[in-house]
Amino acid sequence: MKFIFSCIETGKTFETNDFSLTENNGVARTPDGRKVLKATVVLNTPCPFCGLHHRYPAEELPCPFSPD
């Protein structure tokens, strides 16, 4: 499954399925009742725009299952 990422250096977006989940602390509920994954998503290959291996809080990434 591909996730959508934004390069931290350039702000450009890209899709990839070459990532890993680390620091997985499971699913938590926000005060408004939404479920969020408390984990870190790490690129396995360098960002196509800046060449760095970015890390993202999972809850800040767009949900790949949302209709948007």
Side-chain angles (χ1 to χ4, degrees):
M1 168 188 331
K2 289 186 177 182
F3 275 29
I4 300 170
F5 298 94
S6 178
C7 173
I8 295 168
E9 299 294 318
T10 67
K12 296 179 181 178
T13 59
F14 61 98
E15 292 183 349
T16 184
N17 60 359
D18 196 8
F19 61 86
S20 296
L21 199 61
T22 65
E23 302 165 16
N24 187 350
N25 294 310
V27 176
R29 287 212 181 259
T30 64
D32 64 356
R34 293 184 313 114
K35 291 181 182 178
V36 294
L37 179 61
K38 294 294 191 175
T40 301
V41 179
V42 180
L43 296 180
N44 293 330
T45 54
C47 170
F49 299 111
C50 72
L52 298 175
H53 286 265
H54 300 308
R55 300 171 64 85
Y56 304 87
E59 63 189 284
E60 292 180 6
L61 295 174
C63 178
F65 301 110
S66 70
D68 305 347

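Note that the numbering runs from 1 along the sequence shown for the chain. Quantities reported herein were computed from a predicted structural model and do not represent experimental measurements.
Separating the OG atom in Ser6 from the CD atom in Glu60 is a distance of 11.0 Å, to the nearest 0.5 Å. Leu52 CG to Cys47 SG: the interatomic distance, rounded to the nearest 0.5 Å, is 7.0 Å. For the atom pair Ile8 CD1 and Phe49 CZ, the distance stands at 13.5 Å (nearest 0.5 Å).
Among all heavy-atom pairs drawn from Thr45 and His53, the shortest one is C-CE1, 3.5 Å. Shown here for Thr16 and Asp18, the closest heavy-atom pair between the two residues is OG1-N, 3.0 Å.
Placement of Val42 and Phe14 in two distinct hydrophobic clusters is found when ILVMFWY residues are connected by side-chain heavy-atom separations under 4.5 Å, directly or transitively. When the side chains of ILVMFWY residues are joined at heavy-atom separations under 4.5 Å, either directly or via intervening members, Tyr56 and Ile4 end up in two distinct hydrophobic clusters. Hydrophobic clustering, with ILVMFWY side chains joined whenever heavy atoms are under 4.5 angstrom apart, keeps Val36 apart from Leu21.
Sorted by first and then second residue, the pairs that involve residues 15-38 and meet ring-ring contact (aromatic ring centres under 6.0 Å, His included), not counting sequence neighbours, are Phe3-Phe19, Phe5-Phe19.
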Give the intermediate values and the outcome of side-chain contact (heavy atoms from CB on, under 4.5 Å) for residues Leu37 and Asn24.
-> CA-CA 8 Å; Leu37 179 61; Asn24 187 350; 3.7 Å; yes

Steps toward side-chain contact (heavy atoms from CB on, under 4.5 Å) verdict (Asn17, Lys2) = CA-CA 4 Å; Asn17 60 359; Lys2 289 186 177 182; 4.0 Å; yes

Output, in order, the C-alpha distance, side-chain angles, deciding distance and verdict of side-chain contact (heavy atoms from CB on, under 4.5 Å) for Arg29 and Lys35.
-> CA-CA 5 Å; Arg29 287 212 181 259; Lys35 291 181 182 178; 3.0 Å; yes

